[in-house]
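Every value quoted in this text rests on a predicted model; they were computed, and no experiment measured them.
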Amino acid sequence: MALFTSPLAKRRWSNFKANRRAYWSLMIFGILFVVCLFAELVANDKPLLVSYKGSLYTPAFSFYTEVEFGGEFETEAEYPSPEVQCLIRSGGLEACLDDPESTSADIADGTFEGADIQAGWIIWAPVPYSFNTINYDVQTAPSPPDAKHILGTDDQTRDVLARIIYGFRISIIFAMIVVGISSTLGIMAGAAQGYFGGMVDLLFQRFVEIWSSMPLLYVIIILSAIFSMNFIILTFIVILFAWTGLVGLVRAEFLRARNFEYVRAARAMGVPDRVIMWRHLLPNAMVATLTFLPFAVTGAIGTLTSLDFLGFGLPPSYPSLGELALQAKNNLQAPWLAFAAFLTISTMLSLLVFVFEGVRDAFDPRKTFR
C-alpha cells in the first residue's frame, strides 16, 4: 500500500492525469477491457439465469440436460429453441412438446393459470449469441446488420459483435502475456550485458544478433505443420522471438550509467551487484523502456492479427480479429465486416498508444505536473 501512497507514486499519477488524452484513453480502454473480460456475461447463447419449478439454474456456467427441464433428451438443452423455452416457462408442461409456440403464447396470456404448474423465467445476456453460435434462421451469409445482429453476421452466420467481444479479449490477453514475459527477459538480458560488460557482453550480443535474425513467420509456418497450433503454443513461440526487442535499449542505458559516481560509490561500499542493478541502474532505464512498450504491445497485437489473417495463427475455432479481417477480404460484397474489423483494431491500438504515452510521461523525472 505504501508503494501507491508514496510521494513518488503520487507525482507519477498526477503527471499521468495531466495528460488528458492518456487519462481518458485509459478510462475508455478499461471499460472495454472489463466488458470483454467477462464476455460470457455479455455475449452468450445460454441464459445467465433460469428459474424452473422454484429452483435457480445457471446454464452459462453449468451443464444441464433437457431432461432436467422436463424434456426427452439426455443431451444439453438447446435454450434458444422454442421447445426448451416453453418447457422452462410452463414448468415442464407436456403440451409444449406438441405445439411449443402456441403454448408459450398461452402461458404468457395466463391460459394455464389453473393448471398445477409454477411458471419459470429466463434471463439472457445482452447479446444472446456466443462467438461460435450459428444462426440457422439467417437466409444469407454474410447477412447485413439488423435488429437481431447489430453488426451483421459472418460467412457462417455467426454474430459479428459477439466475435469482436471475444476476439478483443484474446488479443489483449495475448499482448499482455507476450509483452510482460518478453520484456522481463529482455530487461534481464540487457541489464546483465550492460552492467558486467567484457566477455559476457560480447558473447551475449553475438547470440542476440543471431537469434533476432531468424524469421518468425517461417518458423511459425514450419512449426504449424508439425504441431497443432493453439493459444499456448503460439504465445510461447512469439515470446521466444520477442524478448530481444528491449535488450539493446536496456544494455545501452546500463553501459551509460554503470560508471556514474553513485554507482561506483555503492560498489566500493560493498553493495551487491543485484542491488545496484535493481535500485540504482534500472530506474534510469525505465523511461527508455516505457517509451518502447507501446510499440511492443501494438506489435504483439499486430503479430497475432497478421498470423490469423494468413491462416498460421489460432485455430478457426477461436474468435479472432485477424480471421474477421480475412472474411472481409473474401467477402467484398459485405462491407460491414471490413468496417467492424478496421474500427475494432484501430480503436484498440490507438487507445493503447495513448495510454502508454501517458505512462512514459509519468515515469519521466524531467516532467512535472501543474
**Asked** Can you find a heavy atom in the side chain of I150 that is under 4.5 Å from one in the side chain of V127?
**Response** no
**Request:** Classify the ring geometry between Y318 and F231 as parallel (under 30°), tilted (30 to 60°) or perpendicular (over 60°).
**Result:** parallel
**Item:** 4.5 Å side-chain heavy-atom contact, L223 and I237
**Value:** yes
**Prompt:** Angle class for the F241/W211 ring planes (parallel below 30°, perpendicular above 60°, tilted otherwise)?
**Reply:** parallel
**Prompt:** Do L151 and P145 have side-chain heavy atoms sitting under 4.5 Å apart?
**Reply:** no
**Request:** In plain terms, say whether R169 and E40 are close enough for a salt bridge, that is, a side-chain N and a carboxylate O under 4.0 Å apart.
**Result:** yes
**Asked** Looking only at atom types and distance, does a side-chain atom of T58 sit under 3.5 Å from a main-chain N or O of A60, one as donor and one as acceptor?
**Response** no
**Request:** Could you check if a side-chain atom of I220 sits within less than 4.5 angstrom of a side-chain atom of L234, using non-hydrogen atoms only?
**Result:** yes
**Complete:** Taken in chain and number order and not counting sequence neighbours, the residues that satisfy side-chain contact (heavy atoms from CB on, under 4.5 Å) with L349 are T298, I301, I345
**F33 ring center near F168 ring center (under 6.0 Å)** = no
**Message:** So that I know where these two stand, are H149 and Y129 an aromatic pair - ring centroids less than 6.0 Å apart?
**Reply:** yes
**Prompt:** Do NZ/NE/NH1/NH2 and the carboxylate oxygens of R158 and E323 come within less than 4.0 Å?
**Reply:** yes
**Request:** May I ask you to test the V247-Q193 pair for a side-chain heavy-atom distance under 4.5 Å?
**Result:** yes
**Prompt:** What's the spacing between R163 CZ and T153 OG1 if we round to 0.5 Å?
**Reply:** 11.5 Å
**Request:** With the side chain counted from C-beta on, respond yes when Y64 and Y79 share a heavy-atom pair under 4.5 Å apart, and no when they do not.
**Result:** yes
**Item:** Pairing of E261 and R264 as salt bridge, 4.0 angstrom limit
**Value:** no
**Request:** Please check if the side chain of T344 supplies one atom and the backbone of A341 the other of a donor-acceptor pair under 3.5 Å.
**Result:** no
**Request:** Taking the six-membered ring for Trp and the full ring for Phe, Tyr or His, determine whether the centres of W13 and F16 are under 6.0 Å apart.
**Result:** yes
**Complete:** Rounded to the nearest 0.5 angstrom, the CG-OG distance for L56 and S51 is 5.5 Å
**Prompt:** When the aromatic ring centroids of F254 and Y195 are compared, is their separation below 6.0 Å?
**Reply:** no
**Item:** Validation row: S130, Y166 side chains within 4.5 angstrom (heavy atoms)
**Value:** yes
**Prompt:** Which heavy-atom pair separates R256 from E253 by the least distance, and what is that distance?
**Reply:** NH2-OE1, 2.9 Å
**Donor-acceptor contact present, side-chain Q85 to main-chain P80, <3.5 Å** = yes
**Asked** What closest approach, in Å, do W336 and P144 show between heavy atoms, and which atom pair accounts for it?
**Response** CZ2-N, 3.5 Å
**Prompt:** Does any pair with a residue in residues 238-251 pass side chain to side chain donor-acceptor pair (under 3.5 Å), and if so which ones, sequence neighbours excluded?
**Reply:** D201-R251
**Item:** Parallel, tilted or perpendicular: ring planes of F204 versus F207, cut at 30 and 60 degrees
**Value:** perpendicular
**Item:** Salt bridge present between E357 and R21 (N-O < 4.0 angstrom)
**Value:** yes
**Prompt:** Taking C-beta and beyond as the side chain, do L337 and D155 meet within less than 4.5 Å on heavy atoms?
**Reply:** no
